[in-house]
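Worksheet for the structure shown next.
Both backbone and side-chain heavy atoms feed into the values below; hydrogens, waters and symmetry mates do not. Chain letters run A, B, ... following the sequence lines, proteins first and then strands; every chain starts at 1. Model, not experiment: these values are computed from the prediction.
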Amino acid sequence: MNGFESWALTLAVFLPLLGAALILLIPKESETAVKTVAFLTAGITSLVGLWILTAFDFKSSGRLQLDVNVPWIDVINSRYHIALDGISLPLLLLSMVITLLCVIYSWDHFPEPHNPKAFLALLLVLATGMNGTFVAQDLILFFVFFELVLLPMYFMIGVWGGPNRQYAAIKFFLFTLFGSALMILGFLALYFLGDNTFDIPELIANGSTIARGTQILIFGGLFMGFAIKVPMFPFHTWLPDAHTEAPTVGSVVLAAVMLKLGTYGFVRIALPILPEGAAAWAPWIGGLAVIGIIYGALGCLAQRDLKRLIAFSSVAHMGFVMLGIATLTDYGINAAVFGMVSHGLITGMLFFLAGSIQERFGTREIARLGGLLVQAPRLGWILGFCAMASLGLPGLAGFWGEFPAILSAYNPAGGLPVGLFRGFMVVASIGTVLAAGYLLWMYQRTAFGTPKEEFEAKHIHDVHGPEWVAWAPLLVGIVAFGVFPGLLFNITDGAVQGIAKSLDGSAETADARSGATPVREEKLPLAEEAAH
Amino acid sequence: MLENAWVIPALPVLSFFIILFFGKRLPKGGAWVGVAAVALAFGLSVVAVGQWISRPATLEVATHHGSEGEGQTVEGDDPAHGAAEGEHDAVREPVRREVTWFSNGPIDIKVGTHIDGLAVAMLFVVTTIAFAVHVFSTNYMADDVRITHYFAALSLFTAGMLVMVTASTTLLLLFGWEAMGLCSFMLIGHWWEKHENSSAALKAFFTTRTGDIGLLVGISILFFAAGQTFDIATLNEAALTGAISKGVLTVGAIALFCGVIGKSAQFPLHTWLPDAMAGPTPVSALIHAATMVVAGVYLVARVYGVFWEGFNIAAGGVNLGAVIGGVTVLIAALLAFVQTDIKRVLAYSTVSQLGYMVMALCVGAWTAGVFHLFTHAMFKGLLFLGSGSVSHAVHTFDMREMGGLRKFMPTTYKTFLVGSIALAGLPPLAGFWSKDEILTGASAGGFPIMFWMGVVGAGMTAAYMTRCVWLTFFGEYRGHGHPHESPAAITVPLIALAFLAAVAGFLNAPGVGLFGDWTNNAVTLAAGVEHHAFSPFIAVTSTLVAIAGIGLAALWYVRNAGPHGITERNAAARAGYTFLLNRYYLDHLYTDGIVGSIKGPIARAAYWINQNVIDGIVNGVGIAARKAGNFTYDILDQGMVDGAINGSAAAAGAGGGFLRTTQTGRVQQYAAVLFAATAIFAVVLIVVTI
Amino acid sequence: MILNQFLMLAAVLFCIGVYGVLARRNGVLVLMSIELILNAVNINLIAFGAFHDTIAGQVFALFVIAVAAAEVGVGLAIVLLIYRNRRSVDLTEINMMKG
Amino acid sequence: MIAQNLIFGILSVVMGLAALRVVTTQNVVHAALYLVVVLGGVAGIFILLAAEFAAITQVLVYIGAIVVLFLFGLMLTKAPIGKAANLDNDQKFVAALVSVMLFGVLAWAQIDAFQRVEVQPDRVGTSAMVGNSIFTQYLVPFEVISVLLLAALVGAVVIARKD
Amino acid sequence: MTPLLDYHALAPELILTVGLCLVLVVDLFVAEDRKVLVTNLAGLTVLASLVPVLTLAVDGADRAMFGGAYAVDNFALLLKGLFLVTGYVTLLMSVNYLDEGDYYEGEFSFLLLSSLLGMTVMASARDILSIFVALELLSIPAYLLAGWRKRDLRSNEASLKYYLLGVLASGVMLYGMSLIFGVVGSTNLYEIGEVLNSSFGRLPLVTVGIFLVIVGFAFKVSAVPFHSWAPDTYQGAPTPVTAFLSVASKAAGFVALMQLVFIGFLGRDDVWGPLFWALAALTMTVGNLIALRQTNIVRMLAYSSIAQAGYILVPFAVAGDSREALATAQSASITYLAIYAAMNLGAFAMVIAIARRTGSGELSSYGGLFKYSPALAVIMSAFMFSLAGIPPLGGWFAKFMIFRAVIEAGTASAVVLGVIAAVNSVIALFYYANVAREMWFSPSPEGVDDRSRVRVPAALSAAVVITLVLTLGVGVYPNAIARLGDMAVLVR
């Protein structure tokens with residue numbers, strides 16, 4: 001391993017922090033310098049990301065690569081262990097790209113009260129937290145990065161947010177902290193039961209020795225931490241508030257990357273380390289996931305605020321991701337990872353759009369909008385495109401998060417209640433219709449028709465330069481991943497297979513222990529009768 | 001060409017992107033790019049057809065159960081039949097070409113093309129109609145503000161349909177399927193400034209999406225049932241060889257059929273299709289008559305093995321598909337009577353005809369169903385374009401503002417008439433042959449109910465088309481414009497399609513049977529789908545019924561038209577009138593009692609039920625969803641879930657407030673607490689530790 | 001003499017002292033009550049010292065006496081300070097800060 | 001032994017009553033004087049337990065210094081000499097309850113622990129022994145307490161003085 | 001025969017003693033307007049006494065005198081270091097406060113040094129008599145310091161309440177000590193430990209004695225329900241004194257508790273285990289809940305420090321569960337104390353700094369701080385969120401160690417306590433974040449026109465920088481503090 005290889009991930013994580021520190025040194029008045037530094041930092045970080053992409057050995061994407069493993073906190077045997085595999089890589093790149101795009105997007109529209117210096121510094125700190133979470137291979141390191149994102153986001157919402165920002169900011173903060181407080185208890189339990197280590201790969205190797213009952217308990221702790229971040233029903237109520245009140249860039253980062261921290265946690269930590277706990281929890285997770293799908297969709301139907309609608313749609317979409325995870329199968333987890341990325345691209349894009357619409361019209365109230373296609377056709381069509389992507393139209397990235405999740409629910413991992421999961425599958429499929437419902441209904445009211453009187457005379461800019469630059473990669477990504485899902489699946493699959501292998505049969509052994517016979521056959525008794 | 005069939009869908013994809021990105025800067029908004037791409041695709045499809053026809057039948061297929069014993073054989077000169085005498089039949093081997101799309105562990109998910117007779121036929125149909133529609137649109141839509149978008153969407157649509165028909169896997173099929181849905185949405189809502197249009201677009205999208213629930217579920221079920229593959233050929237084989245249990249097949253087939261119901265506008269999800277007429281007429285011709293709506297039919301034909309086994313078609317009697325198809329035939333036909341909008345008449349007619357196709361497939365008449373799809377595309381595309389031509393002239397679709405147009409627009413009139421007769425099923429035009437085959441299949445396949453439904457439907461079809469033609473082209477012009485014949489870009493496609501509508505039926509006429517031969521494939525053979533011989537009795541019956549329908553309708557409209565006499569104006573009407581008049585003592589009751597009641601109360605009641613109950617349910621579901629949304633959000637989410645959160649926060653605050661009051665500020669009270677706590681804790685501790 | 005008689009006396013003094021601390025209004029009287037408490041402790045210490053035959057009890061008691069002296073001095077200084085500013089040593093009135 | 005018990009009985013009754021008066025009397029000066037009685041009684045108890053040095057210190061420090069300090073305190077705070085109403089606050093009942101509870105616990109635990117164990121002070125704790133102990137084993141606390149007294153002195157002066 | 005006194009071991013205390021006498025003397029000869037010199041001298045004394053602490057640490061050997069009654073081991077050294085640094089930072093915070101507030105400076109330094117001396121002695125005291133005397137030495141100057149703003153009624157009140165309750169608590173504690181002494185017949189903690197491990201230790205009287213002693217220190221560390229003095233005293237006392245009380249004095253209480261409980265009472269974990277469990281749960285919950293409703297920042301920090309004490313008590317509650325848990329618990333408490341010291345001192349330093357502009361401790365006066373003095377707002381937020389335990393600020397590691405102790409113990413009651421602590425850390429965030437909210441999100445209050453940057457004097461800046469660096473450093477690289485905490489474990 002040459003020098004840069006051992007430094008690449010560290011750079012990817014800490015360059016933004018360095019940039020933030022640099023920005024703090026620049027006087028507040030020289031805004032251009034601040035922006036330039038932020039742009040360069042995010043850009044160089046992305047270049048590092050590109051380099052990582054070239055250095056990554058795709059043939060063995062299941063192996064942890066670019067490993068750095070040095071002592072950190074000896075006393076608790078916690079190490080600075082960062083590395084990435086096929087699951088981390090796409091998310092890390094997503095985080096980098098989103099950060100860069102956010103810097104570009106905010107180039108000349110900083111929300112009130114302006115102050116680019118603080119805003120960009122916070123954004124870069126946020127980036128460090130996000131990047132770090134995706135590469136951390138040590139529970140404590142993971143925890144620190146996982147929490148590191150809270151503060152910047154709190155301030156971002158609170159300072160630059162909408163009218164109800166203070167409530168939203170604290171709510172976001174409290175919820176997440178509540179989850180992570182229980183999560184850290186779970187981590188500690190893993191430490192003591194998993195041979196006094198916080199190292200994730202080691203724990204995966206050791207973890208299955210933990211007794212089933214204990215696994216279930218610990219999984220409960222981790223579940224709280226991750227599920228709130230995801231957010232799963234019924235822990236989702238922070239999300240609409242946070243999204244609605246956050247400034248555009250904040251919403252984008254929140255939706256595109258931060259929600260993934262939770263699902264990533266499930267995939268990276270909770271599932272492989274606690275396979276039997278996962279198997280015991282899976283039906284509940286699946287149930288909450290499909291409730292979330294329907295519930296989020298119904299919530300969307302009731303929204304009058306564009307951003308809030310998109311926020312609720314995240315609840316539904318993350319439901320699909322969680323459903324995939326709950327199946328504990330390779331299909332499901334692949335779908336989940338794909339869902340994370342595609343949701344990142346699509347919902348991130350939707351929030352950009354909502355921000356731009358608000359900037360132009362001064363409102364996000366759906367009822368007051370209308371005829372966007374008349375006044376700003378490009379904006380309108382992009383909105384339509386994203387709505388279509390969001391509702392899971394095949395050919396666009398969203399589909400690959402949804403359909404394989406549904407698919408995998410038909411055949412969950414051995415030992416899980418097949419009938420129940422098939423029920424989930426049907427409910428989730430209904431969710432796709434509801435998704436079409438709320439998105440198109442929103443689209444009809446905002447983009448179709450003719451402009452409302454109050455905005456009739458107003459000159460509305462169509463998409464402008466920085467917006468194009470910031471959006472184009474996302475739009476291209478949505479199409480590219482939609483048409484060539486292999487771009488992503490082939491990266492994630494290796495790693496996912498590893499996880500699926502560790503999960504394989506966990507539910508069965510659990511069942512065997514509890515004396516039940518595993519159910520694993522294709523025949524549905526009901527259908528059998530119907531056929532005759 | 002067969003190996004490189006991917007090029008055919010790729011062309012419109014290419015043109016889509018060209019139009020999307022450069023259309024605005026191209027002359028005519030990029031329309032010609034689309035036309036050129038489709039023309040090329042059409043050409044290539046024709047090449048493909050040629051190559052397919054000339055492909056030797058090399059694939060030996062074991063037949064499931066021989067049809068020879070019953071003496072009902074396919075045409076003698078059928079090369080496929082030559083081998084049917086033995087245990088094996090030979091068919092043309094499908095041309096497959098696949099690449100790995102992505103992998104999931106050991107399972108490679110592939111995409112590719114699967115070209116067989118069905119695919120080739122569909123390629124031909126789609127490119128033909130698409131070409132005609134493209135050409136038609138260059139004029140029809142010339143002045144539209146969004147011609148670029150229009151052509152982009154049209155290109156994308158064509159691509160979607162072509163992808164679907166060539167797809168080798170259910171997954172890729174789903175891609176094309178949904179892409180069409182998207183384009184349908186965009187094109188129905190093309191004039192989105194008006195709320196009704198965008199609502200219609202939404203409705204179409206939702207309704208088909210609702211059906212797609214089943215499709216998604218079905219594909220998932222069959223994916224695992226077939227051993228983790230989306231491959232359709234494997235799936236069919238697995239279904240027919242019994243590798244998949246009957247129960248799973250049944251569930252899978254029902255699930256898939258939900259998708260069919262949505263996409264092919266079968267009862268009860270048919271209500272979106274008439275509304276979809278809000279889109280430009282060429283779109284209606286292409287998407288909502290000839291191609292997209294037959295996607296469901298195509299799906300059934302494509303994964304026939306699943307339906308064959310899942311619906312237990314070989315057993316005859318009734319099954320879900322056949323019932324739905326039959327009911328759709330009748331319901332939609334009934335509804336067509338009361339429409340005043342010419343396009344809506346055609347729309348209901350389309351629904352009805354789709355019912356025929358579905359019914360055909362589900363009574364085991366595979367070839368008939370596919371063939372009807374083929375002929376229907378020709379004459380229904382023609383009829384829609386004809387109606388477009390009419391509206392181009394009179395700027396309305398309301399038949400009450402038309403009348404007498406045959407004088408102003410002779411070409412349109414003639415071609416429309418050809419289409420109508422083909423639709424009505426009068427020999428020797430296309431509709432007759434395909435409809436006849438369906439009826440034969442239903443009768444011989446052991447589906448008497450479906451047979452009679454089909455027969456009644458045939459009569460009704462003839463009747464409502466008579467009404468339509470009458471109101472549009474006969475009588476006095478009731479509008480306010482100055483009708484004129486349309487330009488060549490419009491009439492040429494009409495003529496071309498009229499030609500096809502007239503002659504296409506002969507492809508599978510008794511003694512010709514080419515279509516059946518070309519589309520013959522391993523699946524139907526393995527399933528043991530029987531091809532029933534031409535039955536003169538049925539042919540005559542259906543013809544007579546159709547004529548009766550025409551006659552009765554003509555009679556009705558004569559009576560409505562008043563004493564001036566229809567006979568002077570129209571020969572066909574005169575013939576019908578005379579025919580009816582001779583039997584007037586019977587038919588007085590008949591016309592008033594049956595036709596009248598059909599035309600009047602029953603049709604109206606049916607329409608009312610349709611608009612208020614079925615459509616009401618469809619709309620109601622939407623409203624209910626929104627209501628449920630409001631409830632979920634306002635009561636559950638904001639009230640209870642969030643309320644619990646905020647409530648616990650408030651409780652914490654209140655707890656803090658209460659505890660504050662214990663901090664009285666008086667030092668001796670603090671001291672009292674100190675000592676009291678000491679005393680109490682001490683007692684407790686002693687009790688605990690003793 | 002049994003040990004417990006001393007211990008009971010101490011307990012009585014202690015509790016009377018506690019009562020005084022809790023029930024008296026005047027700051028100086030409260031300080032006096034505290035002395036009762038400390039003296040109770042001293043009785044205990046000396047009695048236990050005698051019981052165990054060790055000098056440590058006495059030594060401990062001496063330290064307590066010394067500390068008590070210092071405490072009383074400081075306490076009176078504080079009471080005086082309060083008196084100077086408020087013209088009252090009524091403890092029940094001193095409740096500017098609460099909640 | 002009887003004499004000792006007799007003396008203890010008298011002392012304890014006097015001390016108990018005097019202590020009660022300290023906390024109940026409505027005359028502040030009386031309270032101080034009753035306190036003297038209690039403190040003196042304590043010295044007597046010390047003697048009974050053969051702790052002479054402690055007894056002497058008790059008299060010197062408490063009666064000689066602390067009570068005087070209290071009287072100064074009463075004077076300086078202009079406490080009403082003579083009977084005054086309202087020397088008690090409104091939580092007498094609570095105070096009594098708490099004290100009784102506390103007494104119950106302590107008494108029970110003490111009786112439980114030592115039952116009827118005899119205490120026989122046969123060695124007089126001389127000042128030499130005390131000094132020896134303080135300057136060997138308890139040297140550090142002793143030094144500390146000297147600093148403590150200094151600090152209390154300086155601090156009390158600063159706090160109590162007018163400025 | 002080994003000499004009675006080990007002067008090297010006693011050097012920190014000796015230097016302090018000499019220094020405080022020097023301060024007292026020099027104060028007499030320094031003119032009124034140059035009293036800063038005295039404070040500087042006091043600061044130098046503290047720094048000088050840190051030197052032997054370091055040399056002793058380097059030396060590494062455990063030293064003990066008077067039959068183990070006075071020990072200089074890693075535990076003692078670490079905590080002496082902690083006390084001295086805390087004292088130094090407090091002095092830094094006081095310099096301008098006293099100077100500008102026109103309070104007695106020389107005597108202030110003297111009393112502070114006295115109190116520090118008491119603390120350093122406390123860290124080594126393994127004898128209940130020494131512990132008692134050290135406690136008094138560290139408390140009595142503190143009673144006086146609380147009333148240092150003599151003309152301020154609140155300060156008077158603070159002093160009175162602190163004094164009265166403090167004396168009562170030490171009375172209770174003494175009574176308890178007398179009972180323990182009565183059963184054991186010795187004041188030496190190790191001997192006490194031995195006896196309490198025997199059948200004598202099972203006496204209910206011992207239970208009462210242990211309990212009364214713990215009550216005395218529960219008061220010192222302001223554990224609920226013995227906390228009620230703390231808010232009033234903290235609010236009324238001069239802010240540097242409050243900082244000192246809430247950090248050093250509280251730490252001293254914990255140090256004493258650790259020595260008593262882990263050496264003396266170790267055998268009776270059935271008494272102190274549940275007791276600390278209840279105290280910890282109550283303290284965290286009550287402290288946090290009441291803090292939610294505070295509008296005065298100092299008072300809020302007072303309740304916050306009560307709640308923080310609750311967290312520190314958590315390891316005590318689980319220490320008796322197993323041998324491993326005992327070591328982990330001690331290391332957790334020590335680590336928490338050290339980190340808490342840094343962040344809480346920092347918070348108070350910031351309160352002093354900000355009060356230089358706002359002149360008020362009311363939270364509402366903090367509005368708009370981020371706009372006119374962003375650096376102060378950021379730093380104050382850092383301390384607040386560190387107290388809340390948000391990574392990467394030091395507080396997270398402190399909380400982490402607590403949780404670690406809880407999970408290491410692994411019993412059901414331990415885990416429940418852990419969950420209570422977790423929930424409490426969420427409640428706590430609300431009011432900590434509220435401070436940040438006021439500074440960042442709210443506009444300046446009406447009538448505040450001065451929008452220039454707040455100027456912070458050098459000494460105060462130094463205090464802020466020291467605490468900030470420690471807080472951040474620990475958060476990012478907790479290894480150093482964790483290792484120290486591990487080494488300083490009193491009983492393994």
(message) Please classify the contact of B/Ile107 with chain A as side chain, backbone, both or neither, using a heavy-atom distance under 4.5 Å.
(response) side chain
(request) Drop me the distance from A/Tyr331's OH to B/Ser220's OG, to the nearest 0.5 angstrom. (result) 11.0 Å
(message) Would B/Phe102 and A/Leu487 count as a side-chain contact (heavy atoms from CB on, under 4.5 Å) here? Give the steps.
(response) CA-CA 8 Å; B/Phe102 59 93; A/Leu487 288 179; over 6 Å; no
(message) Is there a side-chain contact between B/Ile219 and A/Phe403 in this structure, where contact means two heavy atoms from C-beta onward sitting under 4.5 Å apart?
(response) yes
(message) Is A/Val427 in contact with chain B via its backbone, its side chain, both, or neither, using a 4.5 Å heavy-atom distance?
(response) neither
(request) Among A/Thr237, A/Ile406, A/Leu407, single out the residue with the greatest number of heavy-atom pairs under 4.5 Å to chain B. (result) A/Leu407
(message) For a quick test of reading the model, state the closest non-hydrogen atom pair linking B/Phe206 to A/Val433 and the distance between them.
(response) O-CG1, 4.2 Å
(request) Search all heavy atoms of B/Val217 against all heavy atoms of A/Ser429 and return the closest pair with its distance. (result) CG2-OG, 3.3 Å
(request) Step through it carefully: locate the ring centre of B/Phe175, locate the ring centre of A/Trp400, and say whether they are under 6.0 Å apart. (result) yes
(message) To the nearest 0.5 Å, what is the distance between CZ on B/Phe185 and CD on A/Gln444?
(response) 8.0 Å
(message) Go through it in stages, so that I can follow the logic: the residues are B/Leu20 and A/Trp381, the test is side-chain contact (heavy atoms from CB on, under 4.5 Å), and I'd like the CA-CA distance, side-chain angles, deciding distance and then a yes or no.
(response) CA-CA 11 Å; B/Leu20 186 69; A/Trp381 285 118; over 6 Å; no
(request) Decide yes or no for B/Trp192 and A/Thr450: does some side-chain heavy atom of the first lie under 4.5 Å from some side-chain heavy atom of the second? (result) no
(message) Under a 4.5 Å cutoff for heavy-atom pairs, which residue among A/Leu373, A/Leu174, A/Asp241 has the most contacts with chain B?
(response) A/Leu373
(request) Return yes when atom CZ of B/Phe22 has more than 12 non-hydrogen atoms of other residues, nucleotides or ligands closer than 6.0 Å, and no otherwise. (result) no
(message) Nearest 0.5 Å, please: how far is CD1 in A/Ile430 from CZ in B/Arg209?
(response) 13.0 Å
(message) Heavy-atom pairs under 4.5 Å with chain A: which of B/Asp212, B/Leu249, B/Leu216, B/Leu215 has the most?
(response) B/Leu216
(request) Could you tell me which portion of A/Phe235 (side chain, backbone, both or neither) has an atom closer than 4.5 angstrom to a non-hydrogen atom of chain B? (result) neither
(request) Look at the side chain of B/Asn104 and the backbone N and O of A/Asn334, then say whether any donor-acceptor pair between them is shorter than 3.5 Å. (result) no
(message) Distance check, rounded to the nearest 0.5 Å: B/Ser198 atom OG versus A/Arg445 atom CZ?
(response) 11.5 Å
(message) A side-chain contact here means heavy atoms from C-beta on lying under 4.5 Å apart; do B/Trp101 and A/Pro485 qualify?
(response) yes
(message) Under 4.5 Å from any heavy atom of chain B, what part of A/Leu434 do you find: side chain, backbone, both or neither?
(response) side chain
(request) For chain B, find which of A/Gly395, A/Pro234, A/Ala297 contributes the most heavy-atom pairs closer than 4.5 angstrom. (result) A/Gly395
(request) Would you mind telling me which of B/Thr100, B/Asn197, B/Leu171, B/Ile109 has the largest number of heavy-atom pairs within less than 4.5 Å of chain A? (result) B/Leu171
(request) Using non-hydrogen atoms and a 4.5 Å limit, figure out which bit of A/Phe233 sits close to chain B: side chain, backbone, both or neither. (result) side chain
(request) Please state whether the side chain, the backbone, both or neither of A/Val496 comes within less than 4.5 Å of a heavy atom of chain B. (result) neither
(request) Could you tell me which of B/Lys194, B/Lys627, B/Glu193 has the largest number of non-hydrogen atom pairs under 4.5 Å with chain A? (result) B/Glu193
(request) Give me the one residue out of B/Leu182, B/Leu173, B/Leu172, B/Leu174 that meets side-chain contact (heavy atoms from CB on, under 4.5 Å) with A/Pro394. (result) B/Leu174
(message) Under 4.5 Å from any heavy atom of chain A, what part of B/Phe311 do you find: side chain, backbone, both or neither?
(response) neither
(message) Counting heavy-atom pairs under 4.5 Å with chain B, which one of A/Gly299, A/Gly431, A/Gly449 comes out on top?
(response) A/Gly449
(request) Sort out for me which of A/Gly384, A/Gly370, A/Ala428, A/Ala436 touches chain B most, counting heavy-atom pairs under 4.5 Å. (result) A/Ala436
(request) Go through the atoms of A/Leu488 and report whether side chain, backbone, both or neither lie under 4.5 Å from a heavy atom of chain B. (result) neither
(message) Checking A/Phe399 against B/Glu178 for the side-chain contact (heavy atoms from CB on, under 4.5 Å) test, could you report, in this order, the C-alpha distance in whole Å, the side-chain angles of both residues, the deciding distance, and whether it holds?
(response) CA-CA 10 Å; A/Phe399 174 76; B/Glu178 296 286 350; 5.9 Å; no
(request) Side chain from CB out, backbone as N, CA, C, O: work out which of these in A/Trp441 comes under 4.5 Å of a heavy atom of chain B, or both, or neither. (result) both
(message) When you compare the side chain of B/Trp191 with that of A/Phe448, does any pair of heavy atoms fall below 4.5 Å?
(response) no
(message) Which atoms of B/Phe223 are under 4.5 Å from chain A, going by heavy atoms: the side chain, the backbone, both sets, or neither?
(response) side chain
